Protein chains: 2
Amino acid sequence: MITGIKFKVNDSLYSRDPQDTDLGKRILNSSIILIDEIGLESFTFKKLATKIQSTEASVYRYFDNKHQLLLFLTSWYWQWVQYLISIHTMNVDDPIKRMKIIIKSVINATSENALTEYINENLLHNIIINEGSKAYHTHDVDEENKHGIFSSYKELAEVIAQAILAINADFPYPHSLASNLLEMANNQIYFAKHLPRLTDIKVPKGDLSQLEEMIEYFVFRLIK
Amino acid sequence: MITGIKFKVNDSLYSRDPQDTDLGKRILNSSIILIDEIGLESFTFKKLATKIQSTEASVYRYFDNKHQLLLFLTSWYWQWVQYLISIHTMNVDDPIKRMKIIIKSVINATSENALTEYINENLLHNIIINEGSKAYHTHDVDEENKHGIFSSYKELAEVIAQAILAINADFPYPHSLASNLLEMANNQIYFAKHLPRLTDIKVPKGDLSQLEEMIEYFVFRLIK
DNA sequence: TTATTGATGATAGTAAAACTATTCTTTGTA
DNA sequence: TACAAAGAATAGTTTTACTATCATCAATAA
C-alpha cells in the first residue's frame, strides 16, 4: 500500500488545492462521506462546514461551489482508475489479458487498498455511480471542457480505446465502446441497486463478478 | 398527424394534471423551451412564471418542484417513444426488421411530426439528452420508484428486451442491452456535441444516421 | 526578536431560490 | 342565481449560495 500519493489535478478544479492542507483534506474526506450519505442535491457547504467543525467561508476558500467540488472528485477518481490500470498492466503484453485487467480495474477499483488517508475510495466510487454523470451534464460543459476539466476522463477513455484497437485494429468504434464501457459499468450497478428491471445482473453484497462477466461478454463479442 | 393526444401519466408526477388546462399546457410548453435554453440548474419556477405571464404560486399548483416537472417530462417522452414504436412495428413480423424500427424510433423520435401543440418534441429530446439521467439519479429513487414514477422507462426497456429475445432467445442480457441501448443513444449524441473525444460518430447538422448505424452494429453483433 | 504573511475562524450580511398562505376575481356550470 | 374551481395578486418564510470584514494564530523571513 502506497500512501500519500497526490494527483496533480487541473487548476480550474479548485480555488486552493485541497490536497495541500489539513483543512483541505478534511474537506475532501468529509464531503465524500456527506455526499454519499445525503446525496448531492441536499449537500451544502454549510452542512459540510458543521461536520468538519469549520466555517462555510473556509470551505469556499477551496471550492467556488459544490459543482466544482464534484468536478474535483470525479477527476480525482478517473485519474485513480487510470493509475490502477497502468500499474496492473505494466508487465502484461497480451492485448486480451490487458483488456481483462482494464475491465477488472474499472469495475473493482473500489476493492483496492486505500491510496490516501483522506479519500475513501469505496465511498467515492458510490458517488461516481450516483452523481458522476452530473459532472458533465451541465449547461457550461463546453466552457469547462475548454479549461481541460474533463481531461482525466477523456484520457482514460483513450487508454481503453487504444487497448481495443490493440485487439482489433479494424474495430470501427473504439472511443464509443470505451466511453460506453465506463458509463455502462456504473449504470448497471445503479440499476441493479435501484431499478432492477433495467438489468439482468445482480450485485449481491457488493459482489461485482456478474457485472465483470457481462462487460467482458459485451466487449469481446463486439471487438473480436 | 394526430393532434390532441394525451398520455395518461402516473398521478405522482404532478399535483394537478397539466394536460387538462390551458395554463398547464402553457407550463409544459414554456418549461421545455426554457430548460432547453438555460439548463435545468438555472431554471426556476419564477422565471417560468414570468415567461408565461403567470405567477410562481400558479405553477406550484401543477408541480411541487422542478424535479417533479422533470420526471413528468421524461415520463411523457418515454411514453411517446413507446407509442412511436408500437405504431411503426404494428404490421412488422420479422424480428430483425422490428429491431431496426425500434432503433430508428429511439434515435429519430425527434424528427417525427408533432403529436401535440403544447409539447415541442424536438426540444424535449434535447432535454432528455442533456438532463434525462438526472431524473433517476436522485437520493429518493427507491421511494419514487415505489410510486411507479419510472414505469414508462421500464416498460419501454421491457419492449426492447422482448424484441431482443425474439431475435435470439438465448441472449443472456436482454434487459441490460435494452437499457444500455437507450442510455448509449443519448449519451453518444451528447458526446458528439460536447466531448467529441469520447465518441467516433458525428452528428452533422443534427443528422443522426451515423449513430443509427453504430447502434445497429453494436446491437446485431451482440445478439446474433 | 520583530514584522509579515498566510491560513483559518468568527461574525454578519445579501440576493436569490424554493416554497406557503391568503384574498380576490373571473368563469364555467347546477 | 349561486357556487365552485382556476388563476392572479400579493405577501410573506426559510434555506441556499454566496460575499465581506476583521480578528487570531502559527510559520517564517528580515
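Quantities reported herein were computed from a predicted structural model and do not represent experimental measurements. The chains referred to below are lettered A, B, ... by the order of the sequence lines, with proteins before strands, and numbering in each begins at 1. Below, each value reflects all heavy atoms present in this structure, side chains not excepted, and no hydrogens, waters or symmetry copies.
- Note on A:Thr55: every side-chain N or O is 4.0 Å or more away from OP1 and OP2 of C:dA10.
- Straight-line distance from the OH atom of B:Tyr62 to the P atom of D:dA6: 7 Å, rounded to whole Å.
- Qualifying salt bridge (Lys or Arg N to Asp or Glu O under 4.0 Å) partners for A:Arg197, counting only residues two or more places apart in sequence or in other chains: none.
- Each salt bridge (Lys or Arg N to Asp or Glu O under 4.0 Å) pair with one or both residues in residues 134-143 of chain A, not counting sequence neighbours, appears once here: A:Glu41-A:Lys134, A:Glu131-A:Lys134, A:Glu143-A:Lys146.
- For C:dG9, the OP1/OP2 oxygens have a side-chain nitrogen or oxygen of A:Ser54 closer than 4.0 Å.
- The two residues A:Ile32 and A:Leu124 come nearest to each other via the heavy atoms CG2-N, 3.8 Å.
- Shown for residues 16-33 of chain A: no residue has heavy atoms falling under 4.0 angstrom of DNA chain D.
- In terms of the side-chain hydrogen bond (donor to acceptor under 3.5 Å, both in side chains) criterion, A:Ser42 has no residue partners (sequence neighbours excluded).
- At a threshold of 4.0 angstrom between heavy atoms, the contacts of B:Phe63 with the nucleic acid are absent.
- Applying the salt bridge (Lys or Arg N to Asp or Glu O under 4.0 Å) test to A:Glu212 and every residue at least two apart in sequence or in another chain returns A:Lys104.
- In this structure A:Thr21 satisfies the side-chain hydrogen bond (donor to acceptor under 3.5 Å, both in side chains) test together with A:Tyr62, sequence neighbours excluded.
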Residues 180-192 of chain A, side-chain donor-acceptor partners within the protein, below 3.5 Å, at least two apart:
| unit_1 | atom_1 | unit_2 | atom_2 | d |
| --- | --- | --- | --- | --- |
| A:Glu183 | OE1 | A:Tyr136 | OH | 3.0 |
| A:Glu183 | OE2 | A:Tyr136 | OH | 2.7 |
| A:Glu183 | OE2 | A:Tyr153 | OH | 2.6 |
| A:Asn186 | OD1 | A:His125 | NE2 | 3.4 |
| A:Gln188 | OE1 | A:Thr199 | OG1 | 2.6 |
| A:Gln188 | OE1 | B:Ser176 | OG | 2.8 |
| A:Gln188 | NE2 | B:Ser179 | OG | 3.1 |
| A:Tyr190 | OH | B:Tyr136 | O | 2.5 |

*Can you check each nucleotide of nucleotides 11-29 of chain D against protein heavy atoms at under 4.0 Å and return B for base, S for sugar-phosphate only, - for none, in 5' to 3' order?*
------BBBB---------
Identify every side-chain donor-acceptor pair in residues 49-56 of chain A under 3.5 Å, counting partners at least two apart or on other chains, and give the distances.
| unit_1 | atom_1 | unit_2 | atom_2 | d |
| --- | --- | --- | --- | --- |
| A:Thr50 | OG1 | A:Lys46 | O | 3.0 |
| A:Thr55 | OG1 | A:Ser58 | N | 3.3 |
| A:Thr55 | OG1 | A:Ser58 | OG | 2.9 |

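- Every residue two or more places apart in sequence or in another chain that forms a ring-ring contact (aromatic ring centres under 6.0 Å, His included) with B:Phe45 is listed here: B:Tyr60.
- With sequence neighbours excluded, no residue satisfies side-chain hydrogen bond (donor to acceptor under 3.5 Å, both in side chains) with A:Glu37.
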Just the atom pairs and distances: protein N or O near nucleotides 26-30 of chain C's N or O, under 3.5 Å.
none

